[in-house]
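Read the structure below first, then the notes.
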Amino acid sequence: MKTAIPAAVVLIVVMLVVPLPAAVLDMLLVVNITAGVLILLMSMSVKRPLDFAIFPSLLLIATIFRLALNVSSTRLVLLDGYAGKVIDAFGHVVIGGSLVVGMVVFAILVLVQFIVVTNGAGRVAEVSARFTLDAMPGKQMAIDADLNSGLIDEDTARTRRAEVTAEADFYGAMDGASKFVKGDAIAGILITVINLVGGFFTGVVQRGMPMGEAVNTYSLLTVGDGLVGLIPALLISVATGIIVTRSTSDGDMASDLVGQFSRQRKALRLGGAAVCLLALVPGLPMMPFLVVGGAVLLATLRIPDPDAPAVATDDGHAEPAAPAADSPEALAAEMRVEPLQLEVAYDLVDLVDVASGGDLMDRMRALRRKIALELGIVIPLVRTRDNLDLPPHTYAIRVHGVDVARGEAPAGHVLAIGDDLGSLPGAPTTEPVFGLPARWVPAEFAQQAEIAGATVVDRASLLITHLAEVVREHAGRLLSREDVRSLVDMVKRSHPTVVEELTPSQLSLGEVQHVLQALLDEQISIRDLPRLFEALSERARTSKDPEALVEAARTAIGPAISSALAEDGRLRVVTFEPLTEQRLLESLRTGEGGSFLALGPQDAEQLMIDLAQVSQTAEQAGEQVVLVCAPQVRAAVRRLVRVTVPRMPVIAYSELSSRLQIETRGVIDLARDAVTA
């Protein structure tokens, strides 16, 4: 089949110069008509134009094929005065052997094809190509936006980009291919005129026929030849118009036509009644109008009423078209607890409303992409709703229905963050993310606040920053079992052996979820899942203790953990004095919730005071310090310090990267009851 198509195209070109017998010409004329019918039916059956993407090339081949047939039939008519039974039948039977009738019918068909169908299809193809190309950048941006927001994956985005490119190429090709149809119509007219003149001179000059007989013989054959070629040309012109005017839908043209007319029951009834009333007009035939109008009215009886409150099922029972407000389905939807929800007061709706210039939804989509690249998880969609119970200017962030954070964002104001802002108007406040002193300043004083050395943040930026911090803090809670399943399936596509060794043979999805949640609770990225799964698989062979699994996973990606906490290749750390660390090792105990430090109240209190002092000093200097300790006590130390100093990361010596420059910012020594720098 792959070689048959190119061979057929070559034979079409050969037909232009090689004479064909009449019997072969009859067969090829029938093939031409059949091809026109099939192409028309195909154009009506496709659901979208791209399903018939070969149509522009097929249009060119069909045009060349018809022109080759015209040349072959012209040669036979002028040489033999006979071009086969098909042309003879069209010349004598179809038009009744009347030259005048044949010329009129041919002229009408030419006008229909050239002026109505071909010109209209060409214009639509030109406009479609122009608008498709103009809309291409917007479609590409929409795909990128969906990809950035996490609504689609890379494969889906790649497929949609290919479809956009294919659509632009198709309509561009159709714009050019429509010129073939127009040229074919013009060529058909010229060939017919040439055949009429050539046949007259051939009959009179070469064959010595009387002028009337020559006109009658050759003109009938010429008109028959023109009709044989014009009918498939008209079919393909109609197919071209259908393709370029076809919009993408879920059904073919026939299904869409029936479905869309069926939804207009009232219009059909009025139309049928109007046709029946025309039968009463004096002078008009009553029967045709009554038959047609009655058929339309009868058809409306089989169409369901779209305004009916219930829809009949196959067993004859009526079901509501939509669930009632108190139905179980509606109540179940209302009962659902959203994983991540943002509630805003009535005066903050403008941040969400696109019509009012709000870009908060776009920023949320960008946030989902940022979190995915940062932590390795796709956070659930943030459900945003207004809450009239909230105080003015207030927003609330909820995780699994629990209010975890609140803030204010008064309209017409910007947040100025910094010290010594008393000279600026506005109400003093505290920045909700890091607890820094700030002031809500009227928007017109934003420039003055910047001159005063303050960091100015608009309301939407503040809210999205607060939301991002909440997401990072509660990332472990937002990682559901279904999310873990999706992550495992994603790794399985690229590293099938790793997944097969890990789950379900060694660890269940729940155990894997616990490890990933523990990493996310300390804001550690889980993007490198193959290495994490390899470490878990190795550790699970000897122990399935949750804490041991977490520490094994941390060790596997340790350099990445410490590198993420460093700034410009420098990691600022605070450590324990060796004797103090030995005391911590000796106080290490194991309980149901994992390991813990059995320190005395005074030692535990002093440890927290020292770490808080180091952390506060570092924050004042604009630095982040990391507590580094022995791997055996890391988990227990983290449990102890996360209550008092939650922002201080705790890592093990084994997690330090050899490429980092370590700068010590303090040493915790419980024996001396002091912090040494």
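What's counted below: heavy atoms across the whole structure, side chains too, no hydrogens, waters or symmetry copies. Nothing fancy with the numbering, it's 1 onward along the sequence.
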Inset, instruction - Would you mind reporting whether Thr429 and Leu415 have side-chain heavy atoms less than 4.5 Å apart? - result: yes

Legend entry - Between Phe533 and His495, ring centroids under 6.0 Å: no

Legend entry - Closest non-hydrogen atom pair between Pro391 and Arg406, with its separation: CD-NH1, 4.1 Å

Legend entry - Donor-acceptor contact below 3.5 Å, side chain Thr575 vs main chain Val667: no

Inset, instruction - Say whether, by atom type as modelled, one donor and one acceptor occur between the side chain of Ser486 and the main chain of Glu482 under 3.5 angstrom. - result: yes

Inset, instruction - Enter the distance from Leu348:CG to Glu408:CD here, rounded to the nearest 0.5 Å. - result: 9.5 Å

Legend entry - Side-chain heavy atoms of Leu463 within contact of Leu360, under 4.5 Å: yes

Inset, instruction - Using atom types as modelled and distance alone, determine if a side-chain donor or acceptor of Arg665 lies under 3.5 Å from a backbone N or O of Arg572. - result: no

Inset, instruction - Kindly say whether Arg570 contributes a backbone atom to a donor-acceptor pair with the side chain of Asp568 at under 3.5 angstrom? - result: no

Inset, instruction - Check for a donor-acceptor pair, side chain of Asp483 on one end and backbone N or O of Ser480 on the other, with a separation under 3.5 Å. - result: yes

Inset, instruction - Check the pair Arg485, Asp489 against salt bridge (Lys or Arg N to Asp or Glu O under 4.0 Å), reporting the backbone distance first and the verdict last. - result: CA-CA 6 Å; Arg485 164 62 67 184; Asp489 292 341; 3.8 Å; yes

Legend entry - Within-4.5 Å side-chain heavy-atom neighbours: Ile526 and Leu375: no

Inset, instruction - Evaluate whether atom CD of Glu586 has more than 12 neighbouring non-hydrogen atoms of other residues, nucleotides or ligands under 6.0 angstrom away. - result: yes

Legend entry - Side-chain touch Ile397/Val382, heavy atoms, less than 4.5 angstrom: no

Legend entry - Check: Val512 main-chain N/O paired with His514 side-chain donor or acceptor under 3.5 Å: no

Legend entry - Donor-acceptor under 3.5 Å (Gln513 side chain, Leu479 main chain): yes

Inset, instruction - Ignoring hydrogens and angles, state whether a donor on the side chain of Gln606 or Asp610 is under 3.5 Å from an acceptor on the partner side chain. - result: yes

Legend entry - Arg363 vs Ser461 side-chain heavy atoms within contact, under 4.5 Å: yes

Inset, instruction - Answer whether the closest heavy-atom distance between the side chains of Asp521 and Arg642 falls below 4.5 Å. - result: no

Legend entry - Spatial distance of atom CG (Leu340) from atom CD (Glu338) [nearest 0.5 Å]: 9.0 Å

Inset, instruction - Working to the nearest 0.5 Å, report the span between CZ of Arg647 and CD of Gln624. - result: 10.0 Å

Inset, instruction - For atom CD of Glu450, decide whether the heavy atoms of other residues, nucleotides or ligands shown that lie under 6.0 angstrom number more than 12. - result: yes

Legend entry - Leu607 vs Phe576 side-chain heavy atoms within contact, under 4.5 Å: yes

Legend entry - Donor-acceptor contact below 3.5 Å, side chain Thr394 vs main chain Ala345: no

Inset, instruction - Answer yes or no: is there a side-chain heavy-atom contact under 4.5 Å between Leu390 and Val344? - result: no

Legend entry - Leu520 to Ala475 - nearest heavy-atom pair and separation: CD1-O, 3.8 Å

Legend entry - The single option from Val515, Leu549, Ile561 passing side-chain contact (heavy atoms from CB on, under 4.5 Å) against Arg554: Ile561

Legend entry - Check: Gly426 main-chain N/O paired with Arg439 side-chain donor or acceptor under 3.5 Å: yes

Inset, instruction - Say whether, by atom type as modelled, one donor and one acceptor occur between the side chain of Arg477 and the main chain of His400 under 3.5 angstrom. - result: no

Legend entry - Option among Leu342, Val404, Thr465 that satisfies the side-chain contact (heavy atoms from CB on, under 4.5 Å) test with Val470: Val404

Legend entry - Sole residue of Glu551, Glu581, Glu547 in salt bridge (Lys or Arg N to Asp or Glu O under 4.0 Å) with Arg634: Glu551

Legend entry - Over 12 non-hydrogen atoms of neighbours within 6.0 angstrom of CZ in Arg541: yes

Legend entry - Distance (rounded to the nearest 0.5 Å) between Leu579 CG and Gln582 CD: 8.0 Å

